[in-house]
Amino acid sequence: MSNKPTLPKGTRDFGPQQMAKRTYILDTIRTVFQKFGFQPLETPSLENLSVLTGKYGDEGDQLLFKILDNGDFLAKTTHADYEQGVSALLPKIAGKGLRYDLTVPFARYVVMNQHEITFPFKRYQVQPVWRADRPQKGRYREFYQCDADVVGTDSLLCEAEIIRILEEVFGKFGIEKYTINVNHRQILNGLVEAIGAQGKESDLLVAIDKLDKIGKEKVITELQERGFADEAIQKLVPIFDLKGNNSENLSTAQEIVRDSETGQRGITELREVLALAKSLGSDLNHVQFDLTLARGLSYYTGTIFEVKAQEATISSSISGGGRYDNLTGVFGLSGVSGVGISFGVDRIYDVMEDMGLFPEESQIGTQVLLINFDKELQSQVVPVLSQLRERGIRAEMYPEAVKLKKQFSYADKKNIPHALVIGSNELASGEFSLKNLKTGEQHSLPLEAVIERLTSSN
RNA sequence: GUGAUUGUAGUUCAGUUGGUUAGAACGCCUGAUUGUGGUUCAGGAGGUCGCGGGUUCGAGUCCCGUCUUUCACCCCA
């Protein structure tokens, strides 16, 4: 048993059936991205640790997978390093790490290629990322992200287009019950000002972000535990009970942050985003202003998005994004504003599987299996195989002349809908036996008629 | 990172207070049917009980470690 292979924690294989479905998801998203003018980018799995560290906060740094240097990596270390612990030792033995998301590598790319890039720059990127997190349901250590970002423009049209992209993608997937929660970081900042809690932004955001998960009472308890005054909490209570439509809720929010210039600016921008989305053809039915939406990543500065599917056992977000003012600032290029969206492929997969939304045609397999009788006949049957393929039919021949029972059973298990029997009888008459494995019907047909049937059946 | 939890055939799971040769279902293979699958029937193969150590006359069962699974927290896609 000791030689039984296993997978590392939090990683998965994707078999043929899963790959068919994943490819369907990724292709759909790619097509929509391209339709909105985004172009593909790929970056290496490995980045220098200096690129990655410090971008995700202390917690994030701990979740980075670091790669041990090659060669005698101990040579550069001293006893003093060991005594100081991991943080001192690590930089000396590991210079590279696996990418943690696609946004930071993208920022690095923009900075390195700033003179070649034409701004505004729209790119999409579909690649795996790695996090040394504890795996859970819908959480893996290796998973795919599927990002589209526009950088080099402040235009709110980009935000509006993101709403359209989300609607189009989830529409194509047939996910009907989902919400695009939107909020604006400046509204949240206004909120902080309004309750006089400057300096405790993150405490506030973390707490209210949990509203839909733990409920109003517990959020209030948590705010108390985090040291917010009762008076301040009282001012927040109205936001826990927002029930109106978007424009009503925005008005309520505007009232709460009326003394904050920042907050007012956020309200105005968000209204404009929604108006633009509407003129781009959105019915806004899925869009919901959610004042408690905060999103973890601290680099967001403007509009933020998060999509959740209802009626699925996965309640966590399946897509998210927002505007950031200064993504490339950490790499020395300031003034590049951007807005992006990220699809959680693995979770979308789980949701679609849950709800049985994968279409039949996402499974493309062999259409016809040629039965193999014996070596002598094989030389006469193989040309037929080529002719079928030339006509665009996905065909394969069983490679060995084993019992027909076994060959038919192979077709059955591989879900191949047709079997083409070409034995000595068929070769003599020139008519081949085409069997439909779903209905059990079998017909003797000349090659052209076989091709016609196979072509029309797909 | 904190606290729990799981691991027995290819898969899903039984397995009594520690006691002969560790079971079932499904799947797989063979045959009934040497030119026809999916149904049926008969038979068969398949396990170092996650791994390592310990307690014991004796361990799938108890103890320790380790890896893995799932879950809550933290955080997040």
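Below, read A as the first sequence line, B as the second, and so on, with proteins coming before strands; counting in each chain starts at 1.
Residue-nucleotide stacking is present for A/Phe143 and B/rA77, judged by a side-chain ring centre under 5.5 Å from the six-membered base ring centre and planes under 30° apart.
Between the CG atom of A/Asp209 and the P atom of B/rC76 there is a distance of 9 Å, given to the nearest Å. Between the P atom of B/rU36 and the CZ atom of A/Phe373 lies a distance of 9 Å, rounded to the nearest Å. Atoms CZ (A/Phe170) and C1' (B/rA77) sit 11 Å apart, rounded to a whole Å. Between A/Arg131 atom CZ and B/rG1 atom P there is a gap of 17 Å when expressed in whole angstrom units. Rounded to a whole Å, the CZ atom of A/Arg22 is 12 Å from the C1' atom of B/rA77. As a whole-Å value, the separation of A/Arg139 CZ from B/rU68 P is 17 Å. Rounded to whole Å, atom C1' of B/rU36 lies 4 Å from atom CZ of A/Phe408. Counting to the nearest Å, the P atom of B/rC76 and the CG atom of A/Leu205 are 11 Å from each other.
No engagement by A/Gly60 is indicated, since no non-hydrogen atom pair under 4.0 Å with the nucleic acid exists. Among the atoms of the strands shown, none is found under 4.0 Å from any heavy atom of A/Ser342. Residue contacts shown for A/Glu306 are absent, as no nucleic acid heavy atom lies under 4.0 Å away. Backbone-only contact: A/Gly10 has heavy atoms under 4.0 Å from sugar-phosphate atoms and none from a base.
Residue whose closest nucleotide on RNA chain B sits further toward the 5' end, between A/Thr439 and A/Tyr144: A/Thr439. Place A/Glu59 and A/Lys435 on RNA chain B by their nearest nucleotides, and A/Lys435 ends up nearer the 5' end.
For B/rC71, the paired nucleotide is B/rG3, the pair qualifying as Watson-Crick or G-U wobble because both relevant distances are below 3.5 Å. Under the Watson-Crick or G-U wobble criterion, with both distances below 3.5 Å, B/rC51 is paired with B/rG65.
Using a distance-only test at 3.5 Å, with no hydrogens or angles considered, no donor-acceptor pair links the side chain of A/Glu168 to the main chain of A/Ile165. When atom types are taken as modelled, the side chain of A/Arg141 and the backbone of A/Trp130 share no donor-acceptor pair closer than 3.5 angstrom. The closest donor-acceptor contact from the side chain of A/Asp374 to the backbone of A/Glu376 lies under 3.5 Å. In terms of modelled atom types and a separation under 3.5 Å, the side chain of A/Arg389 and the main chain of A/Ala395 share a donor-acceptor contact. A donor-acceptor pair under 3.5 Å is absent between the side-chain atoms of A/Asp149 and the main chain of A/Thr103, judged by distance alone. For the pair A/Lys55 (side chain) and A/Thr53 (backbone), a donor-acceptor distance under 3.5 Å is present.
To the nearest whole angstrom, the two P atoms, one in B/rU5 and one in B/rU66, are 15 Å apart. B/rA14 and B/rG47 are spaced 15 Å apart, taking the C1' atom of each and rounding to whole Å. Comparing the P positions of B/rG44 and B/rG50 gives an interatomic distance of 28 Å, to the nearest angstrom. Rounded to the nearest Å, the gap between the P atom of B/rU8 and that of B/rU21 is 23 Å. Nucleotides B/rU69 and B/rC28 are separated by 28 Å at their P atoms, to the nearest Å. Across B/rC64 and B/rA45, the matching C1' atoms stand 38 Å from one another, rounded to whole Å. A gap of 24 Å separates the P atoms of B/rA25 and B/rA32, to the nearest Å. B/rG18 and B/rG31 have their C1' atoms separated by 43 Å, given to the nearest Å.
A donor-acceptor contact under 3.5 angstrom links the side-chain atoms of A/Asp412 to the base of B/rG37.
Residues A/His418 and A/Arg453 fail the side-chain proximity criterion, which asks for heavy atoms closer than 4.5 Å.
Between B/rU68 and A/Lys9, a contact under 4.0 Å exists linking OP1 or OP2 to a side-chain N or O. An OP1 or OP2 oxygen of B/rU36 is reached within less than 4.0 angstrom by no side-chain nitrogen or oxygen of A/Lys403. A close approach under 4.0 Å does not occur between any side-chain nitrogen or oxygen of A/Gln442 and OP1 or OP2 of B/rU36.
Listed nucleotides B/rA77, B/rA72, B/rC28 differ in distance to A/Arg134; the shortest reach to its side chain belongs to B/rA72. Closest approach to the A/Val206 side chain among B/rC75, B/rG35, B/rC76 is made by B/rC75 (side chain taken as heavy atoms from C-beta onward). Picking from B/rG37, B/rA77, B/rC29 the nucleotide with the shortest atom distance to the side chain of A/Lys413 gives B/rC29. Comparing B/rC75, B/rC71, B/rG35 by their closest approach to the side chain of A/Gln136 singles out B/rC71.
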